[in-house]
Amino acid sequence: MNRCLVCHQTVEQQLTFKWLFSFGQMQEKDICEECWQKFIPIQANERCSGCGRKQAKNSLCYDCSRWQKNGQTVLLKNRALFVYNEAMQHFMEEYKFKGDYYWRYLFQDIFEQNLHYYYRKDWIYVPIPVDEQTMSVRGFNQVIGLLRTPATTVAALKMKHFTKRTKQSHKNRAQRLATKQPFEYVENKSITGKKILLLDDVYTTGRTLYYAQELLLQAGAECVQSFTLAR
């Protein structure tokens, strides 16, 4: 029996007739039902149409309206799956910051299923990269870890090299928005007229994703949107 990654209690497996007659191996859970209920999903009819924030109306939130007023005419139309609440913060702490790669299993299935459901084969998936220093310490890209199958990366981004770079997680909102362009575009094949989907773990202010969108639109992409685990 598995133990819940969050509360460490034994996870009860429910036997179903479908599984009993499937002759397949039971898929074990890594989280109990009580802990899973603490993650708040964002439904399609209750999110901001610009950034995916959970709200009562399917319209632009205050942050997205500010992006437009500041000259951002093409919004990301980000789709996020969960609210970035205390439960999600704990997940990010264990998975992203402490580097426990096993935690990726909590959301791999739901992340990839929704990704392929909403964005079909005509989309090119481009995971947001991490810098070399983070890769050398953590050993993995937390976005790619959420995918069971490798992302189709025709258009590639890489982090610029900074001698001293403060991580986004250590910045407040004003500091995030003042961040300089962190990416470089690495051309593999032409993306002229292509639909690009940026993949990231969390949409916070949108600054990082909009920088990535800017580069890919300049490279000829028809449109660039984003898909994140949390908002």
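Here Y203 pairs with nothing under the ring pair (Phe, Tyr, Trp, His ring centres under 6.0 Å) rule; sequence neighbours left out.
Contact of the F111 side chain with the L81 side chain is registered, since non-hydrogen atoms from C-beta on lie closer than 4.5 Å. Annotation: side chain of R3 is not in contact with side chain of V11 (no heavy-atom distance under 4.5 Å). The side-chain heavy atoms of K195 and Q225, taken from C-beta on, include no pair separated by under 4.5 Å. With a 4.5 Å cut-off on side-chain heavy atoms, L209 and L76 count as touching. A heavy-atom distance below 4.5 Å is not found between the side chains of I196 and W123. Residues K29 and N2 fail the side-chain proximity criterion, which asks for heavy atoms closer than 4.5 Å. Here the side chains of R79 and R47 are in contact, with some heavy-atom distance below 4.5 Å. Annotation: side chain of Q108 is not in contact with side chain of L147 (no heavy-atom distance under 4.5 Å).
Rounded to the nearest 0.5 Å, atoms SG (C4) and CD (Q9) are 8.0 Å apart. From D100, atom CG reaches atom CD of E93 across 11.5 Å, with rounding to the nearest 0.5 Å. Distance check, rounded to the nearest 0.5 Å: CG of D30 to SG of C35 gives 12.0 Å. Distance CD/Q55 to NZ/K57: 9.5 Å, rounded to 0.5 Å. From R148, atom CZ reaches atom CD of E112 across 7.5 Å, with rounding to the nearest 0.5 Å. Note: L229 CG to F39 CZ = 8.5 Å, rounded to the nearest 0.5 Å.
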> Are L197 and I124 close enough, and set up right, to give a side-chain contact (heavy atoms from CB on, under 4.5 Å), and what steps lead you there?
Replying inline: CA-CA 6 Å; L197 185 68; I124 296 171; over 6 Å; no
>> Working note: K54 + I40, criterion side-chain contact (heavy atoms from CB on, under 4.5 Å); need CA distance, chi angles, decisive distance, verdict.
In response: CA-CA 9 Å; K54 185 179 176 66; I40 303 174; 3.9 Å; yes
>> Using side-chain contact (heavy atoms from CB on, under 4.5 Å), reason through F82 and I110 one step at a time and then give a plain yes or no.
In response: CA-CA 11 Å; F82 293 92; I110 196 168; 3.8 Å; yes
> After noting the C-alpha distance and the side-chain angles of E46 and Q43, does the key distance pass the side-chain contact (heavy atoms from CB on, under 4.5 Å) rule?
Replying inline: CA-CA 5 Å; E46 55 176 15; Q43 305 299 334; 3.2 Å; yes
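Salt bridge D200/R231: absent, no basic N to carboxylate O contact under 4.0 Å. Between K160 and D131 there is no salt bridge, since no side-chain N of the basic residue sits under 4.0 Å from a carboxylate O of the acidic one. With respect to E184 and K158, a salt bridge is recorded, a charged nitrogen being found less than 4.0 Å from a carboxylate O.
A cation-pi contact, defined as under 6.0 Å to the ring centre and within 45° of the axis, is absent between R207 and Y210.
Here the closest heavy-atom approach between residue Q133 and residue S136 is recorded as O-OG, 2.6 Å. Across every non-hydrogen atom of H8 and L5, the tightest pair is CE1-O, 3.6 Å. Considering all non-hydrogen atoms of both residues, N58 and S49 come closest at OD1-CB, 4.3 Å. Taking each heavy atom of T192 and A219 in turn, the nearest pair found is OG1-O, 4.2 Å. Nearest heavy atom pair, residue C51 against residue N78, reads O-ND2, 2.8 Å. Of all the heavy atoms in I128 and A212, the pair that sits closest is CD1-CB, 3.9 Å.
Listed for the E94 side chain is no donor-acceptor partner under 3.5 Å among the backbone atoms of F91. With Q181 contributing its side chain and Y211 its backbone, the two residues share a donor-acceptor pair below 3.5 Å. Side-chain atoms of S65 come within 3.5 Å of backbone atoms of C61 as a donor-acceptor pair (strictly under, hydrogens ignored).
The six-membered or imidazole ring of F107 lies near that of W36, with a centre-to-centre distance under 6.0 Å. Centroid-to-centroid, the aromatic rings of Y102 and Y95 stay 6.0 Å apart or farther. Aromatic ring centroids of Y101 and F140 lie under 6.0 Å apart.
V83 is not connected to L60 by any chain of hydrophobic side-chain contacts under 4.5 Å among Ile, Leu, Val, Met, Phe, Trp and Tyr, and they are in different clusters. Residues Y117 and L199 are members of one and the same hydrophobic cluster, defined by side-chain heavy-atom contacts under 4.5 angstrom among Ile, Leu, Val, Met, Phe, Trp and Tyr. M135 and V126 are assigned to two separate hydrophobic clusters, defined by single-linkage of ILVMFWY side chains at heavy-atom distances under 4.5 Å. Taking hydrophobic clusters as Ile, Leu, Val, Met, Phe, Trp and Tyr residues chained together by side-chain heavy-atom distances below 4.5 Å, F227 does not share a cluster with I42. Note on V130: it does not cluster hydrophobically with M92, by side-chain heavy-atom contacts below 4.5 Å among ILVMFWY residues.
Within the structure, the side-chain hydrogen bond (donor to acceptor under 3.5 Å, both in side chains) test picks out the following pairs touching residues 68-77 (sequence neighbours left out): Q72-Q213. Under the side-chain hydrogen bond (donor to acceptor under 3.5 Å, both in side chains) criterion, no residue pair touches residues 80-92, with sequence neighbours excluded.
Side-chain atoms of T228 and D201 include no donor-acceptor pair closer than 3.5 Å.
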